[in-house]
Amino acid sequence: MHDVAMVWFRRDLRLHDNPAWDAACASGRSVAALFVVEPVLWRSSPRRSSFVAAALVELDAALRERGGALRVVHGDPAVEVPRAAADLGATIVHAGADVTPHAARRDAAVEAALAARGVDMGWWWGSLVHEPGSVRTAKGTLSQVFTPFHRRWAALERASWPAPPAIPPPTLDAAVGPLPADDGTWRAGVHAGGAGESGALERLAAFQDVVDRYERDRDRPDVEGTSRLGVDLHIGTISPRRVVDEIGDATSGRAALVRQLAWRDWWAHLLSERPELVARPMRPAYEAIRWEDDPEGFDAWCEGRTGYPIVDAGMRQLSATGWVHNRVRMIVASFLIKDLLVDWRRGERFFRRHLLDGDVAQNVGSWQWVAGTGPDAAPYFRIFNPVTQGRRFDPHGDYVARWVPEVAGLRSADRHAPWEAAPVALAAAGVVLGDTYPAPIVDHAEARERALAAYGAARAR
């Protein structure tokens with residue numbers, strides 16, 4: 001066996017519209033497919049790993065239709081990728097590039113180990129519309145403000161990807177062991193369809209039915225108004241370019257969805273350029289914020305028992321399903337950071353572990369945005385009022401009633417602030433604050449003033 005092109009699958013678990021796979025197929029060599037189960041990543045989010053395991057089943061099936069099979073190995077990629085290349089006779093390895101600090105260290109080690117064996121490495125940005133470093137201001141820098149970034153992003157011609165050959169080359173049966181086990185826990189967080197490429201396409205097709213209302217409905221957690229493609233984009237069972245092309249911009253709803261993909265690219269570009277953003281605020285002044293050590297408050301937030309129904313609904317949905325609506329993500333993040341004054345990094349890590357679509361760049365960027373510590377940040381004095389947010393975006397209290405059934409018996413106007421309900425209404429609904437449902441763990445108005453003071457003190461240093 002010789003002159004093989006090997007594809008190392010990571011966050012690109014699909015065969016179509018995959019530049020790494022198409023580059024290998026276009027090379028004229030036989031093609032082999034590899035997936036490395038990295039223990040540190042596999043343990044980091046069991047539910048997400050179950051989704052990956054299910055997606056690998058479909059990927060392997062697609063390879064078997066071509067006469068091949070997926071090789072799955074466990075261990076350090078710096079050891080396992082060169083070992084597989086040597087075993088299969090690969091002279092080049094193609095893979096999708098990534099922006100996280102872990103990926104940068106890992107990929108540099110793999111590339112060096114392959115080079116020592118005389119094996120070339122080909123990197124492809126199949127997980128983004130535009131690769132990092134390509135969207136620049138007139139001065140040649142990466143914009144720290146989203147709107148000008150988006151203008152240039154939308155106008156930029158895409159880098160070309162390899163075209164798949166008309167007659168695919170032989171796909172090798174490189175299997176050496178069983179696929180990882182799928183425990184099915186991902187299913188609660190996926191609206192419809194399976195975990196592989198076919199499931200992603202089902203979700204994209206379903207979204208076509210509501211996308212024209214996306215601009216109006218995207219902030220409503222009580223309706224199905226979002227694409228639910230986050231995990232597919234994260235794992236790579238669909239490419240963002242395909243989503244852009246199939247959604248288009250013919251209506252304001254479609255343009256709004258494509259704009260969200262520009263946000264996704266922007267966060268990745270920023271993390272690629274500033275890897276320290278995983279652990280440090282982009283705005284150095286906010287290193288000095290004196291965060292509260294509040295283990296009881298943090299636990300109440302994690303477990304959905306803060307006494308604020310919209311916050312508790314979001315956290316319960318996250319823990320139960322691995323998914324939560326984007327507007328609710330902002331509300332619960334603001335509550336942890338501004339109402340409880342808990343370090344945003346603690347919330348970011350919790351989300352990263354529990355979210356099916358726990359993408360490092362998107363998660364870090366979004367948490368820094370809510371905290372007011374990152375680029376294009378919401379002003380530090382913008383603090384979401386959970387009651388106002390709940391009443392505005394869940395006007396009938398249907399979302400809250402689903403995830404916080406303790407307050408479902410209250411009339412819609414009272415579900416977001418049960419402590420404001422009349423005693424007779426509470427009694428009729430069977431709500432006993434502090435017993436059947438928690439009383440608020442903080443007073444929002446007082447917490448707001450505390451947060452403003454903490455941020456102000458940091459800025460004054």
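Annotation: the span from F350 atom CZ to L336 atom CG amounts to 10.0 Å, rounded to 0.5 Å. Here T373 contributes atom OG1 and M282 contributes atom CE; the two are 9.5 Å apart, rounded to the nearest 0.5 Å. Note that CD of E246 is 7.0 Å distant from CG of L201, once rounded to the nearest 0.5 Å. For the atom pair L59 CG and R14 CZ, the distance stands at 10.5 Å (nearest 0.5 Å). Rounded to the nearest 0.5 Å, atoms OG1 (T100) and CZ (R105) are 7.5 Å apart.
Geometric assessment of R71 against the ring of W8 yields a negative cation-pi assignment under the 6.0 Å and 45° thresholds.
F9 and W21 have tilted rings, their planes meeting at an angle from 30° to 60° on a 0 to 90° scale. Ring geometry for F149 against W266 counts as tilted: the plane angle lies between 30° and 60°, on a 0 to 90° scale.
With Y455 as the partner, the ring-ring contact (aromatic ring centres under 6.0 Å, His included) test is satisfied by one option alone out of F381, Y286, W344: Y286.
In this structure, E420 places its CD atom where more than 12 heavy-atom neighbours from other residues, nucleotides or ligands lie under 6.0 Å away. Crowding of E296 atom CD: a count of heavy atoms from other residues, nucleotides or ligands under 6.0 Å not exceeding 12. Annotation: R158, atom CZ; neighbour count of heavy atoms from other residues, nucleotides and ligands within 6.0 Å is above 12.
Applying the ring pair (Phe, Tyr, Trp, His ring centres under 6.0 Å) definition to pairs two or more places apart or across chains, those involving residues 315-342 are Y308-F335.
Between the side chains of E215 and S252, at least one donor-acceptor pair of N or O atoms lies under 3.5 Å. S50 and T185 share a donor-acceptor pair across their side chains, judged by distance under 3.5 Å alone.
Scored by the side chain to side chain donor-acceptor pair (under 3.5 Å) test, W186 finds D182 as partners (sequence neighbours excluded).
Salt-bridge formation is not detected for the pair D343/R346: no Lys NZ or Arg NE/NH1/NH2 atom is positioned less than 4.0 Å from an Asp or Glu carboxylate oxygen.
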